[in-house]
Protein chains: 2
Amino acid sequence: MTVRQDVHSAGIPVLCQSCEARHRGVCGALDPDQLVGLAKISSKHTIEPGVELIGDAETVDSYSNVLSGVVKLTKSLSDGRQQIVGLQFAPDFLGRPFKVESAINAEAATAVSLCSFPRASIERMMRESPELEHRLLKQTLNELDEARDWMVTLGRKTAAEKVASFLDPTLDPATNATSFELPLTRADIADFLGLTIETVSRQLTRLRTDGLIRIENNRHVTVTSLTRLAGRSGA
Amino acid sequence: MTVRQDVHSAGIPVLCQSCEARHRGVCGALDPDQLVGLAKISSKHTIEPGVELIGDAETVDSYSNVLSGVVKLTKSLSDGRQQIVGLQFAPDFLGRPFKVESAINAEAATAVSLCSFPRASIERMMRESPELEHRLLKQTLNELDEARDWMVTLGRKTAAEKVASFLDPTLDPATNATSFELPLTRADIADFLGLTIETVSRQLTRLRTDGLIRIENNRHVTVTSLTRLAGRSGA
DNA sequence: CCAATGCCTTGATTTCGGTCAAAGCCCTTG
DNA sequence: CAAGGGCTTTGACCGAAATCAAGGCATTGG
């Protein structure tokens, strides 16, 4: 898992008047004249954890920037088995251009704030501004790289390696912080890694008893031996 | 797995003089004037199965269109465990724009023919032609959709469902053909599905003894009961 | 304060798929 | 034709993770 805070950092920060938030999402790709128009049609939303943002096979009529919080993208089989196929952080763009029907579910994993734009406006701007498409291409390529790394984890790693792979990139190497809040419940981590809750729980206790991590309040994790943890993430 | 023959079909067919092949790959996105230039710098290559096209952590100096055959994209762990993370068919674009180092391996799974372009030329054209970027965005979004479906298979399906999921979309619904050549060896199918060769083999024999498929010469598969097969692919 | 609820942990048992080992089949090559 | 090698199949066994089942520990609300 990767907490992206640096993507799009080249974008121009913009005040979306209607959502009253400075952010660097999709707006940042546009030139100031266009931005004024976009600002007027955008709207800010605050969303509780657990709320469904986009339903499977549902028509999508808007795109959003994630301003804060974590959005999980999931896919389910008919019998209820579920797999998380993506996590989106600020300032990611949320939505699938060029397709009216969504094939995935998007749900707030934590409290989430979004800045939304009507579908038609974004699509018009995409036609008019190659910069916007360029930015979108870059995000999509990054998501594809991420998905492919993840496929190795899902297909070829053991439960221990999977859990370590989940914890490992969650630590931000930039801030050098070894302590953080898990953005997901055990159930979500299980759906992320293709495991059961019980296996996730057991692996975390094992890391705890082996002295590699400390866990407080079920959510706050401190990694005490990063090198040894990295060794378990499967190179 | 999806055999894509229809992507980019909106592209203008172009004669790449130097590779002497009419194809609809990346060229199709460009206007005729640009195409003349591109044709002059492109070159056609025919590649034997098993040959490595792009090595992990290798600098990539060219992009290609797949003209025929199947290219497998793989990622490996340090101890040799391997996962196929993508398959590319004609007329897919092969290469990762905006990144000099490749994080994946590309290898010819069958005999492959490619039309290659120097990296610099494509990047220049990408800056000049929004059409090219648009086409690339669309392919990337499709690959991302594919990767996410695949993640459900890797993370949540049983061995039987995985093998059925592999066979199912291989049948082209357009041609209604229930008979086809497997483009991959058992080992490749295993690396595709996150299984071992033995498990793949056992699942195929089971489908055979259950009368759902017939296999000739190890490679030629005929699906005799499509509906029952679909039921095993996990909805 | 005491249920009640949601989330997490722990234990006992089962099972699916992996591992190890041996053979079969097909195609090439001498 | 025989030998060899690559790929595939099959069998016996094992083990990692799933399943089934309790129980713990917070927070919430009557």
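So that the names make sense, note that chain A is the first sequence line, chain B the second, and so on, each numbered from 1.
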Answer yes if the side chains of B:S113 and B:H45 hold a donor-acceptor pair under 3.5 Å, and no otherwise. no
Nucleotide C:dC7, atom P - distance to CG of A:D188 in whole Å: 10 Å
Quick one: which of D:dT10, C:dG18, C:dT10 gets closest to the side chain of B:L195? C:dG18
Whichever of A:L204 and A:R156 has the more 5' nearest nucleotide on DNA chain C, that residue is A:L204
Phosphate OP1/OP2 of C:dC16 contacted by B:T158 side-chain N/O (<4.0 Å): no
A:E198 CD to C:dT13 C1': how many Å, rounded? 13 Å
State, without any angle test, whether A:S233 and A:S165 hold a side-chain donor-acceptor pair at a distance under 3.5 Å. no
Looking only at side chains, do A:N105 and A:E52 share a donor and an acceptor under 3.5 Å apart? yes
Can you tell me if B:R186 touches the phosphate of D:dT8, counting only side-chain N or O atoms and a distance under 4.0 Å to OP1 or OP2? yes
Decide if atom CD of B:E216 counts as having more than 12 heavy atoms of other residues, nucleotides or ligands within a radius under 6.0 Å. yes
Expressed as a whole number of angstroms, how long is the span from B:R202:CZ to D:dG11:P? 9 Å
How many Å lie between CZ on B:R219 and P on C:dC25, as a whole number? 19 Å
Taking only side-chain nitrogens and oxygens of B:T185, does any of them come within less than 4.0 Å of OP1 or OP2 of D:dC7? no
So, OP1 or OP2 of D:dA18: does either fall under 4.0 Å of a side-chain N or O from A:T199? yes
Report the distance from atom CD of B:Q203 to atom C1' of D:dT8, rounded to the nearest whole Å. 15 Å
Less than 4.0 angstrom between a side-chain N/O of A:T196 and OP1 or OP2 of D:dT19, yes or no? no
Sidechain-backbone polar pair: B:R81 side chain, A:R156 backbone, donor-acceptor under 3.5 Å: yes
Quick one: B:I197 CD1 to C:dA21 C1', roughly how many Å, whole number? 13 Å
Within this structure, what is the CZ-to-P distance between A:R206 and C:dG11, rounded to whole angstrom? 13 Å
Provide, to the nearest angstrom, the distance between the CG atom belonging to A:N218 and the P atom belonging to D:dG24. 16 Å
At under 4.0 Å between heavy atoms, what does A:G50 touch on the DNA or RNA strands: base, sugar-phosphate, or nothing? nothing
